[in-house]
Visitor: 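Before I ask anything, here is the structure I am working with.
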Amino acid sequence: MAELFRNSLCSFSLLTEKVPVLQFDWTEKTVEMSYEDFQTACSNYAGFAWQYQVKHLLVDTRNFTYELPADFMVWREKYLNPRYYQLGVLKFAYITRPELLQYMKDIPAENGKFETRNFSSLTEALNWLNAI
């Protein structure tokens, strides 16, 4: 594992498993962040995915406490996900607290879009990301 970036809100690490995985870890400091901080962190993560040409992505949200605004989904589909589609991302895994897992939605890969799955542990997420 190689840490690529760290600040008080998050860190990005490149994991060299069967396939390269770019891991994004949110910290407990997200309670203090702004929406602009959130957008900057997500944009930087996409930039690292491009820089290292990583097509298996992992975001650990267990410490994420910031409440996203209602228009977040619009921003994500308009500005963030197109970068992932153009890169050719294949799999996107989220780790969340077990009690929140029932509210998360897995999304199949369709029409050139990546598959998204939700997990409650790092081991489960990495096993899925590394399955070919």
Visitor: Is any side-chain heavy atom of Tyr35 closer than 4.5 Å to one of Pro69?
Guide: yes
Visitor: Is there a side-chain contact between Glu115 and Phe92 (heavy atoms, below 4.5 Å)?
Guide: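 No, every pair of side-chain atoms sits at 4.5 Å or beyond.
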Visitor: Say you draw a straight line from OG1 of Thr30 to CZ of Phe38; how long is it, rounded to the nearest 0.5 Å?
Guide: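 That separation rounds to 10.0 Å.
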Visitor: Same cluster for Leu4 and Leu9 if Ile/Leu/Val/Met/Phe/Trp/Tyr side chains link at under 4.5 Å?
Guide: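 Same cluster: Leu4 reaches Leu9 through Ile, Leu, Val, Met, Phe, Trp or Tyr contacts under 4.5 Å.
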Visitor: Kindly check if the number of other-residue, nucleotide or ligand heavy atoms within 6.0 Å of OH (Tyr79) is above 12?
Guide: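 Not buried by this count: 12 neighbours or fewer within 6.0 Å.
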Visitor: Working to the nearest 0.5 angstrom, can you tell me the gap between Gln53 CD and Phe48 CZ?
Guide: 14.0 Å
Visitor: With the 4.5 Å side-chain cut-off for hydrophobic clustering, are Met1 and Val21 part of the same group?
Guide: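 Hydrophobic grouping puts Met1 with Val21.
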Visitor: Measuring from atom CE of Met73 to atom CG of Asn81, what distance do you get when rounded to the nearest 0.5 angstrom?
Guide: 9.0 Å
Visitor: If you count heavy atoms of other groups shown closer than 6.0 angstrom to CD of Glu99, is the number above 12?
Guide: yes
Visitor: About how many Å separate CZ of Arg76 and SG of Cys42, when rounded to the nearest 0.5 Å?
Guide: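 Reported to 0.5 Å precision, the distance equals 9.5 Å.
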Visitor: Within the structure provided, determine whether Leu126 and Leu58 are in side-chain contact (heavy-atom separation under 4.5 Å).
Guide: yes
Visitor: Can you confirm whether Glu36 is buried at CD, in the sense that more than 12 heavy atoms of other residues, nucleotides or ligands lie under 6.0 Å from that atom?
Guide: no
Visitor: Indicate yes or no for a side-chain donor-acceptor contact from Arg97 to the backbone of Arg62 under 3.5 Å, with no hydrogens or angles considered.
Guide: yes
Visitor: Please lay out, stage by stage, how Asp37 and Thr40 fare under the test side-chain hydrogen bond (donor to acceptor under 3.5 Å, both in side chains).
Guide: CA-CA 5 Å; Asp37 292 333; Thr40 298; 5.8 Å; no
Visitor: Over 60° means perpendicular and under 30° means parallel, so classify the ring planes of Phe12 and Phe24, tilted if in between.
Guide: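 Answer is perpendicular, since the angle exceeds 60°.
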Visitor: Show, in sequence, the C-alpha distance, side-chain angles and deciding distance for Leu57 and Tyr84, and conclude whether the side-chain contact (heavy atoms from CB on, under 4.5 Å) test is met.
Guide: CA-CA 10 Å; Leu57 305 179; Tyr84 296 134; 3.6 Å; yes
Visitor: Please tell me if the side chains of Asp60 and Leu122 come closer than 4.5 Å, counting only heavy atoms from C-beta onward.
Guide: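 No, their side chains stay 4.5 Å or more apart.
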Visitor: If two hydrophobic side chains count as joined below 4.5 Å and joins carry through other members, does Phe72 share a cluster with Trp26?
Guide: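 Phe72 clusters together with Trp26.
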Visitor: Would you compute the distance between atom CD of Glu3 and atom CD of Gln23 and round it to the nearest 0.5 angstrom?
Guide: 10.5 Å
Visitor: Hey, what do you get for OG1 (Thr65) to CD (Glu32), rounding to the nearest 0.5 Å?
Guide: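 Thr65 OG1 to Glu32 CD: 8.5 Å, rounded to 0.5 Å.
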Visitor: Describe, in one word, how the ring planes of Trp128 and Phe119 are oriented to each other, choosing from parallel (under 30°), tilted (30 to 60°) and perpendicular (over 60°).
Guide: tilted
Visitor: Answer yes if Leu90 and Trp50 sit in the same cluster of Ile, Leu, Val, Met, Phe, Trp and Tyr residues linked by side chain heavy atoms under 4.5 Å apart, and no otherwise.
Guide: no
Visitor: Students often mix this up, so state it plainly: with edges at 30° and 60°, are the rings of Phe114 and Tyr85 parallel, tilted or perpendicular?
Guide: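 The rings of Phe114 and Tyr85 sit tilted, inter-plane angle from 30° to 60°.
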Visitor: Quick check against the 3.5 Å criterion: does Lys105 have a side-chain atom that pairs as donor or acceptor with the backbone of Asn118?
Guide: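 Side chain of Lys105 to backbone of Asn118: no pair is present.
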Visitor: Heavy atoms only: give me the nearest Val59-Tyr45 pair and the separation to one decimal.
Guide: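 Taking every non-hydrogen atom into account, CG2-CE2, 4.1 Å.
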Visitor: Check Leu80 against Ala46 and note the closest heavy-atom contact, atom names and distance.
Guide: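 What the structure gives for the nearest pair is CD1-CB, 4.0 Å.
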Visitor: Counting C-beta onward and ignoring hydrogens, is there a side-chain heavy-atom pair between Met33 and Phe64 closer than 4.5 Å?
Guide: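 Yes. Closest side-chain heavy atoms under 4.5 Å.
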Visitor: Measure the shortest side-chain to side-chain distance between Cys10 and Phe5 over non-hydrogen atoms and say whether it is less than 4.5 angstrom.
Guide: yes
Visitor: Give a yes or no on whether Leu15 and Leu129 share a hydrophobic cluster (residues Ile, Leu, Val, Met, Phe, Trp, Tyr; joining criterion: side-chain heavy atoms under 4.5 Å apart).
Guide: yes
Visitor: Got His56 and Leu22 here, is their nearest side-chain heavy-atom distance under 4.5 Å?
Guide: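 Side chain of His56 against side chain of Leu22, heavy atoms only: no contact under 4.5 Å found.
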Visitor: Please answer whether the main-chain N or O of Ser8 pairs with a side-chain N or O of Thr27 as donor and acceptor at a distance below 3.5 Å.
Guide: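 Side chain of Thr27 to backbone of Ser8, a donor-acceptor pair under 3.5 Å: yes, one is there.
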Visitor: When you measure from the side chain of Arg83 to the backbone N and O of Ser43, does any donor-acceptor pair fall under 3.5 Å?
Guide: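 Checked: pair present.
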Visitor: Ignoring hydrogens and geometry, is there a side-chain-to-backbone donor-acceptor pair from Thr61 to Ile95 under 3.5 Å?
Guide: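 Yes; judged by distance alone, with no hydrogens or angles, the pair exists.
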